[in-house]
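Taking it in order: structure first as structure tokens, then the write-up.
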Amino acid sequence: MAIPTGYIFQSGTCLKSEIYQLIIDRLVAAGWTDVSGNPATDFVVLKSTGNTEDKELILNIRPTNASNANSVVTTDYCAMSYRLQDTYTPGEAGVAGTFGRSSLAWTALYVAPVASLTTALGADTEVNYHVYADASKIILVLEYPAPTGLGPQVIYMGLPDSLLVSDSANRGMLVGASAYGIATSSVQICNTSDGVASVTAPYNLTTYSLLPPGDPNARNKRMISSVYYGSAAESYRGKLDGIKCMLYTSVNTGDTVTIGAETYRVLVTHSISYTSFPSRALLIRTA
């Protein structure tokens, strides 16, 4: 399978209650398979060999929050949850499978940047979405109606293509979100890179960009930057393919940026809790 280069997003509209299934459907359409032995206990366990067809990617998700309550499908609440498991062996149909990290806690993932875990937003709220999915990842942009007072939410789940290290199996799987991220300017990653001792739980890596202290410049030029991730110990580990960022000044959601023959949509993401990204102003390619 060829490594993607364009990362062009598709747009659509759905109800808030349909977002969870949208994630599953787009990943399955891109080549992922739900191998869960018992959805009642294991929930959804999506597997893929990735764009390079040599990985063992795993994404474990469920529609309820980190305490397994208040489904984003059947209630008005807004937090689903995920786990970055290192391995999974399915059981027979109806029998729970075996996770490598059997006691790993679930992490909340908000589909709407509401004020708190207990804030409700009608399940029938119409959402404009932009989505990119392939055999390695899904990037989902959710834009809510203006009367809700909510800015866009951007969710990134999967394995980037631009790896600067060797990440076999599921080591490089990561999750980031523009609201209620795991920590300031940080993504959560499944494991260490090849050659480094494995860890028993996911951990955080910082996201980086090349942004000036002021923007635009005297010629009205804007600096557009890729988003990288890494740490002082690991240095740059990879690039978050499919999104770019810019300084959050003099820019609004829906603005268009042209880079050569490519067209990008600007997203000024909602400011609440932590963002995984270096700036609130993100860009996705639409043409």
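Note that the coordinates shown come from a computational prediction; the quantities given were computed from them, not determined experimentally.
Transitive grouping of hydrophobic side chains (ILVMFWY, heavy atoms separated by less than 4.5 Å) brings Val257 and Val268 into a common cluster. Follow the hydrophobic side-chain contacts under 4.5 Å out from Leu109 and you never reach Ile182; the two are in separate clusters. In the hydrophobic clustering of this structure, Tyr7 does not group with Val266; members are Ile, Leu, Val, Met, Phe, Trp, Tyr whose side-chain heavy atoms approach within less than 4.5 Å, directly or through other members. Placement of Ile23 and Trp32 within a single hydrophobic cluster is found when ILVMFWY residues are connected by side-chain heavy-atom separations under 4.5 Å, directly or transitively. When hydrophobic clusters are built by joining Ile, Leu, Val, Met, Phe, Trp and Tyr residues whose side-chain heavy atoms come closer than 4.5 Å, directly or via intermediates, Tyr77 is not grouped with Ile155.
In terms of the side chain to side chain contact (heavy atoms under 4.5 Å, CB included) criterion, residue partners of Ser271 (sequence neighbours excluded) are, by chain and number, Arg280. Qualifying side chain to side chain contact (heavy atoms under 4.5 Å, CB included) partners for Ser178, counting only residues two or more places apart in sequence or in other chains: Gln153, Val154, Thr269, Thr275, Phe277. Every residue two or more places apart in sequence or in another chain that forms a salt bridge (Lys or Arg N to Asp or Glu O under 4.0 Å) with Arg285 is listed here: Glu262. A search for side chain to side chain contact (heavy atoms under 4.5 Å, CB included) contacts involving Val44 returns Tyr20, Ile24, Asp34, Leu46, Ile61, not counting sequence neighbours.
The residues Lys137 and Asp161 are annotated as salt-bridged, a charged nitrogen and a carboxylate oxygen being separated by less than 4.0 angstrom.
If you check the side chains of Asp134 and Asn51, you find a donor sitting under 3.5 Å from an acceptor. Between the side chains of Asn191 and Tyr203, not a single donor N or O lies within less than 3.5 Å of an accepting N or O.
Sorted by first and then second residue, the side-chain hydrogen bond (donor to acceptor under 3.5 Å, both in side chains) pairs with a member in residues 204-217 read Asp215-Arg222; sequence neighbours excluded. Screening residues 169-186 for salt bridge (Lys or Arg N to Asp or Glu O under 4.0 Å) gives Arg171-Asp194 as the qualifying pairs, with residues at least two apart or on separate chains.
For the residue pair Ala40 and Phe43, the shortest heavy atom distance occurs at O-CZ, 4.0 Å. Minimum heavy-atom separation, Thr75 to Asn70: OG1-C, 3.5 Å.
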| said: Under the criterion side-chain contact (heavy atoms from CB on, under 4.5 Å), I'd like the reasoning laid out for Tyr264 against Ile259: C-alpha separation, chi angles, the key distance, then a yes or no. | reply: CA-CA 8 Å; Tyr264 289 81; Ile259 304 175; 3.7 Å; yes
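Counting heavy-atom neighbours within 6.0 Å of Glu56 CD, excluding the residue itself, gives a total of 12 or less. The number of heavy atoms from other shown groups lying within 6.0 Å of OH (Tyr274) does not exceed 12.
A cation-pi arrangement is not found for Arg265 relative to Phe9, the charged atom failing to lie both closer than 6.0 Å to the ring centre and inside a 45° cone about the ring normal.
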